[in-house]
Number of protein chains: 2
Amino acid sequence: MDGNSENSWGIPPAVARAWGVGHDVTTAPRRGLSLERIVRAGIDCAAAEGIGAVSMSRVAAMLGVSAMALYRYVGAKDELLLLMEDAAVGPPPPELAEPADWRTGLAEWARAYRRVLHDNLWVLAVPVSSPPATPNSVVWMEYGLRALRGSGLDAGERLGVLTLLSEYVRGEAAVAADLAAAAREAGLSPAHMNAAYGRLLAGLADRERFPEVNAVLDAGVLEAGGDGGTPSEAGEDFDFGLERVLDGVAALVDRGRADA
Amino acid sequence: MDGNSENSWGIPPAVARAWGVGHDVTTAPRRGLSLERIVRAGIDCAAAEGIGAVSMSRVAAMLGVSAMALYRYVGAKDELLLLMEDAAVGPPPPELAEPADWRTGLAEWARAYRRVLHDNLWVLAVPVSSPPATPNSVVWMEYGLRALRGSGLDAGERLGVLTLLSEYVRGEAAVAADLAAAAREAGLSPAHMNAAYGRLLAGLADRERFPEVNAVLDAGVLEAGGDGGTPSEAGEDFDFGLERVLDGVAALVDRGRADA
DNA sequence: ACAGAATTGCGTACGCCGTAAACAAGCAAG
DNA sequence: CTTGCTTGTTTACGGCGTACGCAATTCTGT
């Protein structure tokens with residue numbers, strides 16, 4: 001087990017291990033270090049200072065170990081990031097395994113996904129290089145599809161709806177992550193950051209060329225609400241978009257019902 | 001003008017120049033090099049080999065110039081990336097300036113935005129560090145809000161709807177960008193990539209634990225359609241999600257109409 | 001025409017990054 | 001004890017972003 005080279009699945013062995021299909025020879029001394037400890041240290045680092053701060057030397061130093069030691073377990077940095085992401089997101093909460101009707105099931109799925117992303121905002125900033133073939137992400141997918149089981153939609157529609165929803169959740173969280181990163185960098189609170197953004201826009205966008213932008217600005221939307229507001233307000237903003245999406249799905253479902 | 005230090009707006013001077021508010025003293029020799037040429041070279045590099053290939057030395061080499069020469073114009077790499085993004089996206093097409101009804105206006109806005117992103121997939125991978133305060137992005141925002149002028153929604157709702165829509169567009173394009181990046185890295189076509197992903201998933205997700213995932217896989221959704229299919233099919237996938245979102249917005253608009 | 005100032009562009013250098021390669025230390029099996 | 005495998009370290013390379021200071025060039029005021 002030297003962390004490199006591919007196997008019959010075409011995925012790196014550390015990822016294969018995450019799937020539980022790695023040959024656990026483990027005829028090994030394994031003193032001190034382990035994949036789990038490495039991934040955990042990486043997550044701690046990313047959570048505290050953003051993925052930008054995650055470097056092989058940094059993670060290794062946290063474990064009191066030389067940088068190259070990590071390569072006995074992970075093959076490359078990208079692989080470590082992938083494993084970090086999978087471990088941080090984790091599986092969906094088990095109560096999502098058996099959703100009741102599609103609408104509440106999908107809403108709970110989306111809110112749970114959002115919660116996980118907001119608790120680990122750094123995962124949104126990890127450079128993605130491949131489709132999500134990591135075990136926990138597939139469980140999330142499975143549970144999301146289960147919510148649509150009784151919807152009457154065909155397979156393509158179910159996948160399309162889930163894709164739409166997860167893109168919305170990720171998009172909303174990504175905005176929050178960018179804001180949080182900018183705020184940390186500037187040493188300000190996200191709320192102040194948002195207000196500063198509004199003021200900047202107000203100063204830059206003149207009223208003749210940008211009447212509608214100024215109308216929104218005048219309404220004070222950015223000062224009160226937004227993702228930088230109180231948690232409850234931010235959640236309400238998210239729920240607003242979520243209800244729009246679900247209404248759109250409902251229209252599709254009802255159309256199918258009417259046809260049948 | 002040495003590219004560093006902030007001004008009264010709190011934004012880097014090169015960005016201020018993009019807004020047209022930079023003091024154009026230009027009591028300067030300015031031989032050969034210029035901000036426009038630098039940004040253009042950066043865009044060419046990113047378009048050809050992805051943002052990962054964009055480094056200061058690389059861009060400088062393209063212009064036959066030393067790396068440090070660029071710092072007379074841009075202050076930092078992040079600033080260059082921001083300017084590249086703004087220049088590549090450009091302003092929305094002028095026919096979006098006066099949208100007719102909200103639904104077709106919003107649909108055209110979304111499709112135009114998608115087209116621009118797909119023509120410059122690398123912008124999705126540029127690490128975002130601040131809210132979009134770049135001139136062209138505000139024009140896009142303005143035009144999107146204009147489409148909602150006759151919708152009867154209040155300012156918060158209009159912004160929420162536009163946010164939802166742009167997050168969907170960006171999310172869809174980001175998936176395509178990741179796929180394209182992975183395909184280029186592996187030297188395969190995106191279509192083959194997608195099919196390979198389906199096969200990988202089929203091999204990894206056993207039927208007992210993942211019945212719904214396998215149902216989707218069995219339907220052959222990933223083989224035929226998906227973002228890796230023919231352009232027309234990919235566009236249809238996008239339109240599917242778009243119609244869902246617009247249906248959801250329509251529900252909100254109609255509710256407002258009914259209340260009034 | 002000329003002096004001086006301002007500004008551009010460049011060379012060098014530093015510290016950090018990811019990681020390839022060869023090597024040393026510890027344990028298992030013979 | 002020897003042999004061999006696994007683990008972690010050391011060293012080194014090339015590339016990155018960029019701080020600093022110097023040389024060349026062009027503009028400004030006379």
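In what follows, chains are A, B, ... by sequence order, proteins preceding strands, each numbered from 1. Atom set for the values below is all heavy atoms of this structure, side chains included, hydrogens, waters and symmetry mates excluded.
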- Task: Give the rounded distance in Å between these two atoms: CG of A/Leu35 and C1' of D/dT7.
- Result: 15 Å

- Which is it for B/Ile38 and B/Leu33 under the side chain to side chain contact (heavy atoms under 4.5 Å, CB included) test, yes or no, and what are the steps along the way? CA-CA 7 Å; B/Ile38 293 172; B/Leu33 217 45; 4.1 Å; yes

- Calculate the interatomic distance between B/Ile51 atom CD1 and D/dC16 atom P; express it in whole Å. 14 Å

- Side chains of A/Val74 and A/Met56: closer than 4.5 Å at any heavy-atom pair? yes

- Write down the atom of A/Ala46, the atom of A/Trp122, and the distance for their closest heavy-atom approach. CB-CD2, 3.6 Å

- Query: Quick one: what's the B/S/- string for nucleotides 10-19 of chain C, heavy-atom cutoff under 4.0 Å, read 5' to 3'?
  - Reply: BBB----SSB

- Where do A/Met62 and A/Cys45 come nearest, in terms of heavy atoms and distance? CE-CB, 3.2 Å

- Message: Would you compute the distance between atom CZ of A/Phe238 and atom OG1 of B/Thr163 and round it to the nearest 0.5 angstrom?
- Response: 13.5 Å

- Nearest-angstrom distance from the residue atom CG of B/Leu70 to P of D/dC16: 13 Å

